[in-house]
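If you read the sequence from its start, that first residue is 1, and numbering goes on from there.
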Amino acid sequence: MNVFLTGATGYIGNRLALSLADMGYRVHALYRSEEKAKSLKNHSNIVLFKGDILDAKSLELAMLGCRQVFHVAACAKAWEKDPSTFYRLNVEGTLNVLNVAQKLNIEKIVFTSTAGIFGPSEDGSFTDETSGISGFFTDYEKSKKTAEDIIRQRAGEGQHIVIVNPTRVYGPGLLSESNGVTRMVKLYLEGKWHFIPGNGKSIGNYAFVDDVVQGHILAM
């Protein structure tokens with residue numbers, strides 16, 4: 001089966017592309033950077049398509065012939081000098097993917113969001129997708145919530161879409177902005193990180209990257 005994947009050169013997307021390809025799927029991987037795409041070039045089941053989620057034509061060319069779509073690409077930084085970048089990539093880009101997928105009669109889409117949209121747990125209670133929104137810390141989280149609102153509307157209209165909400169992801173792979181936990185651990189082990197974030201008493205949920213990849217595959 002042919003599957004289309006955005007964000008194939010990112011932290012989660014890279015490992016997802018390779019996992020799917022190893023399973024026998026033929027992965028149509030969208031990329032922008034030749035340098036970042038090097039790790040994908042040698043796999044016989046990965047076909048690289050240069051393009052951008054803001055460019056609907058490049059999306060259509062790459063998605064053509066596929067039955068399923070993993071939309072992992074995002075601006076996943078904690079901060080951007082121009083906050084509108086989050087909304088262009090995470091909202092407008094997602095809308096482009098949904099529109100092209102609908103045009104090409106894609107069977108199913110898995111969209112990568114973030115558990116950050118649910119806010120922190122209160123008084124030791126659990127927080128999940130039924131808890132409701134308790135506020136946002138970043139424009140990244142706000143933009144992902146906006147994208148989710150669009151997706152829920154489209155799903156209600158019949159487009160088959162599943163949202164996954166990973167928590168703090170860690171593990172081997174690209175030391176990118178979206179792999180901040182591993183970067184922090186690496187700096188600590190090298191003696192370059194000397195303070196505890198927050199008051200040292202907070203706890204958080206951490207998910208190993210290969211488990212997150214498997215979660216995406218199970219969601220599909």
(Q) As a quick check of understanding, evaluate side chain to side chain contact (heavy atoms under 4.5 Å, CB included) for S39 and N14, giving each step before the final call. (A) CA-CA 8 Å; S39 63; N14 181 268; 2.8 Å; yes

Check whether any side-chain heavy atom of [X] sits under 4.5 Å from a side-chain heavy atom of [Y], and report yes or no.
X: D210; Y: R15; result: yes
X: D139; Y: E80; result: no
X: N45; Y: V27; result: no
X: K145; Y: D149; result: yes

When clusters are formed by joining ILVMFWY residues with side-chain heavy atoms under 4.5 Å apart, either directly or through shared neighbours, do [X] and [Y] land in the same one?
X: I150; Y: Y87; value: yes
X: F86; Y: I151; value: yes
X: L40; Y: M63; value: no
X: V47; Y: L18; value: no

_Presence of salt bridge, R152 and E148, under 4.0 angstrom_ = yes

Start with the C-alpha distance between I217 and M23, add both sets of side-chain angles, then the distance that settles side chain to side chain contact (heavy atoms under 4.5 Å, CB included), and finish with yes or no. CA-CA 11 Å; I217 295 169; M23 291 170 66; 3.8 Å; yes

With H71 as partner, the option from L5, L98, I53 fulfilling side chain to side chain contact (heavy atoms under 4.5 Å, CB included) is I53

Please walk me through it: do N99 and R154 pass side chain to side chain contact (heavy atoms under 4.5 Å, CB included)? CA-CA 10 Å; N99 288 339; R154 296 291 283 266; 3.0 Å; yes

- Query: Relative to each other, are the rings of Y206 and Y170 parallel, tilted or perpendicular (30° and 60° limits)?
  - Reply: perpendicular

